Amino acid sequence: EVQFVESGGGLVQAGGSLRLSCVASGFTSDDYAIGWFRQAPGKEREGISCISRSDGSTYYEDSVKGRFTISSDNAKNTVYLQMSNLKPEDTAVYYCIESTLIGGKCYYDIESWGEGTLVNVSS
């Protein structure tokens, strides 16, 4: 069973930056991708980005293109999400999620989530 532990959330002002971390464990092979989802109160979950462990390929959803950057350290099984120019609408709980990168796009396995870390962006 794959497990995820997210960290790095907190309270920041609009326009600020924050870096999230996700430590993954329990994988039986290196043929996978890791992604980020988020969910704000009263809203549906929204995909953000994913990165392939095999070749480092990445994909970003339109809502975060140009502002968020995903990266990974395979030796540590850790994925990072660097968030810049944060907006109040970015306020949400951010989750690490098992993913697959196919045809240059992310497919998120909603049955494999972490516990999340809260990001609160004030105006």
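Everything numeric in this text was worked out from a predicted model, so none of it was measured.
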Please report the shortest heavy-atom distance between [X] and [Y], naming the atom on each side.
| X | Y | result |
| --- | --- | --- |
| Thr58 | Leu101 | N-CD2, 4.1 Å |
| Cys22 | Ile34 | SG-CG2, 4.4 Å |
| Ser49 | Tyr108 | N-OH, 3.4 Å |
| Ser122 | Leu11 | CB-CD1, 4.3 Å |
| Asp90 | Arg67 | OD2-NH1, 2.7 Å |
| Ala40 | Ala92 | N-CB, 3.7 Å |

Point to revise | Candidate list Asn74, Ile70, Leu81, test side chain to side chain contact (heavy atoms under 4.5 Å, CB included), partner Ile51, passing option | key: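 When Asn74, Ile70, Leu81 are each tested with Ile51, the side chain to side chain contact (heavy atoms under 4.5 Å, CB included) holds only for Ile70.
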
Backbone N/O of [Y] and side chain of [X]: donor-acceptor pair under 3.5 Å:
| X | Y | result |
| --- | --- | --- |
| Thr78 | Lys76 | yes |
| Ser99 | Ile97 | yes |
| Glu6 | Glu115 | yes |

Exercise for review: Please state whether the rings of Phe68 and Tyr94 are parallel, tilted or perpendicular, taking 30° and 60° as the class boundaries.
Suggested key: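 Because their plane-to-plane angle lies in the 30° to 60° range, the rings of Phe68 and Tyr94 count as tilted.
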
What's the spacing between [X] [atom1] and [Y] [atom2] if we round to 0.5 Å?
| X | Y | atom1 | atom2 | answer |
| --- | --- | --- | --- | --- |
| Ser21 | Gln82 | OG | CD | 9.5 Å |
| Thr91 | Arg38 | OG1 | CZ | 9.0 Å |
| Thr69 | Tyr80 | OG1 | OH | 14.5 Å |
| Ser123 | Gln13 | OG | CD | 9.5 Å |
| Glu46 | Ser63 | CD | OG | 3.5 Å |
| Tyr107 | Ile102 | OH | CD1 | 6.0 Å |

Exercise for review: Start with the C-alpha gap between Asp109 and Val2, add the side-chain angles, then the distance that decides, and say whether side chain to side chain contact (heavy atoms under 4.5 Å, CB included) holds.
Suggested key: CA-CA 11 Å; Asp109 184 357; Val2 181; over 6 Å; no

**Study point:** Side chain to side chain, Glu111 and Glu98, heavy atoms closer than 4.5 Å
**Key:**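 They are not in contact (no side-chain heavy atoms under 4.5 Å apart), so the answer is no.
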
Review point. Does a side-chain heavy-atom distance below 4.5 Å link Val12 with Asn120?
Key: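 They are not in side-chain contact.
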
Transitive ILVMFWY side-chain link [X] to [Y], under 4.5 Å:
| X | Y | answer |
| --- | --- | --- |
| Tyr59 | Ile48 | no |
| Val79 | Met83 | yes |
| Val93 | Leu86 | no |

**Study point:** Asp62/Lys65 salt bridge by N-O under 4.0 Å criterion
**Key:**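 The answer is yes: the pair qualifies as a salt bridge.
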
Exercise for review: Would you please test Trp113 and Phe37 for ring-ring contact (aromatic ring centres under 6.0 Å, His included) and show each step?
Suggested key: CA-CA 9 Å; Trp113 294 78; Phe37 254 40; 4.8 Å; yes

Check your understanding: Quick one: is the NZ or CZ of Arg45 closer than 6.0 Å to the six-membered ring centre of Tyr95, and within 45° of its axis?
Key ->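 The answer is yes, since Arg45 meets both limits relative to Tyr95.
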
